[in-house]
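Every value quoted in this text rests on a predicted model; they were computed, and no experiment measured them. Values reported hereafter were calculated over all heavy atoms of this structure, with side chains retained and with hydrogens, waters and symmetry mates removed.
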Amino acid sequence: MGVDADVLTDWFDEVGRDLPWREPECSAWGVLVSEIMLQQTPVARVQPIWLEWMARWPVPSALAASSQGEVVRAWGKLGYPRRALRLHAAAAVIAAEHGDVVPSDVDTLLALPGIGAYTARAVAAFAYGKRAPVVDTNVRRVVARAVHGAGDAGPPSNTRDMADVEALLPPEDAPAAKLSAALMELGALVCTARSPRCADCPIYEDCAWQRAGKPAYAGPAKQIQKFAGTDRQVRGLLLDVLRGSEGPVEKARLDLVWDESGQRDRCLDSLLVDGLLEQTQDGLFALPGEH
DNA sequence: TACTCGTGGTT
DNA sequence: TAACCAAGAGT
């Protein structure tokens with residue numbers, strides 16, 4: 001019933017994707033960078049940027065030695081650019097306090113900026129082969145279906161979600177880490193949100209949702225995120241001007257990207273507060289450190 | 001807990 | 001076409 005660890009692990013060995021951060025020779029730093037980039041950003045868009053980053057910044061101290069602006073620029077259009085600043089800050093801490101070695105301990109990882117419950121355990125499991133409940137949106141969905149027989153995961157509850165996954169993990173480190181990767185891969189490739197490919201599922205027979213006749217999701221409606229017209233869109237447009245420019249720009253350039261001046265100025269201010277932009281002595285706007 | 005924070009592909 | 005979705009974190 002539920003999830004057969006051996007069957008799922010074998011399936012993962014067979015059809016799991018050959019992603020560069022899964023190569024045995026990939027460093028823990030490479031794993032960490034991939035995990036941050038993959039937060040809410042699809043694999044296909046992360047991969048080319050990750051390869052550039054690994055070539056340019058092969059160790060945390062190399063990234064820390066670059067300016068924030070260079071890092072934000074190299075982040076490109078992966079989205080949520082505050083992640084780039086947090087990764088830069090994390091790299092500085094790793095270089096200064098951890099001998100340029102990414103920590104393997106979950107609590108130490110959790111203390112780093114931009115690393116939360118998911119990423120800390122993902123690094124411990126995928127970079128260091130540790131047994132840890134790695135709970136992302138894919139795993140939550142797989143557990144909701146295969147274990148609980150629901151159509152989809154309900155609202156997240158970190159404690160309960162991690163306990164659910166912990167109960168599935170085999171006792172030894174290496175097999176547990178591998179199952180963690182397999183659970184995520186199943187959610188990404190087969191047990192997908194929109195139209196799950198149950199015909200290709202290795203644990204179809206054991207799946208509680210399938211056994212129950214695949215009932216529709218019965219939980220509370222999920223809040224849909226608007227984008228058009230939000231501050232998020234305006235901030236993105238403003239920052240894109242700086243990414244596309246060599247040096248500082250005048251405010252008049254930024255004023256072109258959005259009509260409504262109140263929202264525009266509020267967003268510009270929030271970018272300054274976040275440290276994604278800076279203002280020069282002449283009143284121009286620049287990426288942090290690039291003036 | 002609920003909300004905010006980018007971007008672009010898929011249905 | 002608009003809605004949905006994507007390896008979350010911070011507040």
Side-chain angles (χ1 to χ4, degrees), chain A residues 12 16-17 19-22 30-50 72 75-87 89-90 109-127 132-142 152-162 165 177 180-189 191-196 217 220-243 257-258 263 266-267 270-271 273-277:
Chain A
F12 179 64
R17 293 167 291 180
L19 301 171
W21 45 85
R22 284 181 179 165
V31 172
L32 173 56
V33 172
S34 79
E35 292 300 342
I36 301 290
M37 288 183 171
L38 287 164
Q39 291 168 0
Q40 302 287 284
T41 303
V43 167
R45 282 168 50 204
V46 164
Q47 190 156 334
I49 306 294
W50 182 88
V72 169
W75 190 257
K77 307 196 80 169
L78 289 180
Y80 294 142
R82 293 184 299 181
R83 289 183 292 167
L85 292 182
R86 293 182 184 136
L87 181 51
L109 286 161
L110 282 171
L112 297 171
I115 298 188
Y118 162 77
T119 303
R121 290 169 179 82
V123 170
F126 305 146
V134 179
V135 181
D136 74 331
T137 182
N138 289 307
V139 174
R140 278 171 28 75
R141 186 172 55 249
V142 168
D152 199 354
S157 161
N158 202 283
T159 309
R160 180 171 45 74
D161 294 340
M162 287 204 296
V165 172
S180 295
L183 284 166
M184 289 179 60
E185 194 75 339
L186 187 70
L189 299 183
C191 196
T192 54
R194 212 83 63 96
S195 45
Y217 172 69
K222 322 207 167 195
Q223 68 287 14
I224 328 151
Q225 283 213 40
K226 290 293 175 202
F227 179 66
T230 64
D231 286 2
R232 240 157 58 250
Q233 180 184 20
V234 178
R235 284 166 54 105
L237 291 170
L238 291 168
L239 199 60
D240 199 41
V241 172
L242 272 299
R243 276 194 304 257
V257 304
W258 198 254
Q263 183 179 24
R266 168 159 49 84
C267 289
S270 74
L271 287 169
V273 168
D274 286 346
L276 284 164
L277 288 184

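No hydrogens or angles considered: a donor-acceptor pair under 3.5 Å links the side chains of A:R83 and A:T41. Looking only at atom types and distance, the side chain of A:Q225 has a donor-acceptor partner in the side chain of A:R232 under 3.5 Å away. Checked by atom type, the side-chain pair A:E35/A:Y118 shows a donor-acceptor distance below 3.5 Å.
A:I36 is not listed as a side-chain neighbour of A:R86, based on a closest heavy-atom distance of 4.5 Å or more.
Along DNA chain B, the nucleotide nearest A:L276 and the nucleotide nearest A:P155 are compared for position; the residue whose nucleotide lies closer to the 5' end is A:P155. Of the two residues near DNA chain B, A:R235 and A:S157, the one whose nearest nucleotide lies more 5' is A:S157.
Residue A:P81 is in sugar-phosphate contact alone, with no base atom involved, counting any heavy-atom pair closer than 4.0 Å across all strands shown. No contact: A:D274 has no heavy atom under 4.0 Å from any strand. Within the nucleic acid shown, A:R243 comes within 4.0 Å of sugar-phosphate atoms alone, with no base atom in reach, counting heavy atoms only. Note on A:K222: nothing from the nucleic acid sits closer than 4.0 angstrom, heavy atoms only.
Taking atom CZ of residue A:F227 and atom C1' of nucleotide B:dT4, one finds them 13 Å apart after rounding to whole Å. B:dG6 atom P lies 12 Å from atom CG of A:D240, rounded to whole Å. Atoms CG (A:L189) and P (C:dC5) sit 17 Å apart, rounded to a whole Å. Per the geometry, CG belonging to A:L239 stands 10 Å off C1' belonging to B:dG6, to the nearest Å. Rounded to an integer number of Å, the gap from A:R232 CZ to B:dT4 C1' is 7 Å. Summarising the geometry, the separation between CG on A:D231 and C1' on B:dC3 is reported as 12 Å, rounded to the nearest angstrom. Atom CG of A:L78 is separated from atom P of B:dG9 by 13 Å (rounded to the nearest Å). Rounding to whole angstrom units, NZ of residue A:K226 and P of B:dG6 are separated by 18 Å.
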query = Could you go step by step and tell me if A:V72 and A:L85 meet the side-chain contact (heavy atoms from CB on, under 4.5 Å) rule?
reply = CA-CA 7 Å; A:V72 169; A:L85 292 182; 3.7 Å; yes
query = What's the verdict on side-chain contact (heavy atoms from CB on, under 4.5 Å) for A:L242 and A:L277, showing C-alpha distance, side-chain angles and the deciding distance?
reply = CA-CA 9 Å; A:L242 272 299; A:L277 288 184; 3.6 Å; yes
request  = Sugar-phosphate atoms are those with a prime plus P, OP1 and OP2; base atoms are the rest. Using that split, label each nucleotide of nucleotides 6-11 of chain C B, S or - for protein heavy atoms under 4.0 Å, 5' to 3'.
outcome  = BBBSS-
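Of the side-chain N and O atoms in A:K77, one or more sit less than 4.0 angstrom from OP1 or OP2 of B:dG8.
A:W21 pairs in a side chain to side chain contact (heavy atoms under 4.5 Å, CB included) with only one of the listed residues (A:V46, A:L32, A:V33), which is A:V46.
For the P atoms, the distance linking B:dT4 with C:dA7 amounts to 23 Å, nearest Å. Taking atom P in both C:dA9 and B:dG8, one finds a spacing of 23 Å when rounded to whole Å.
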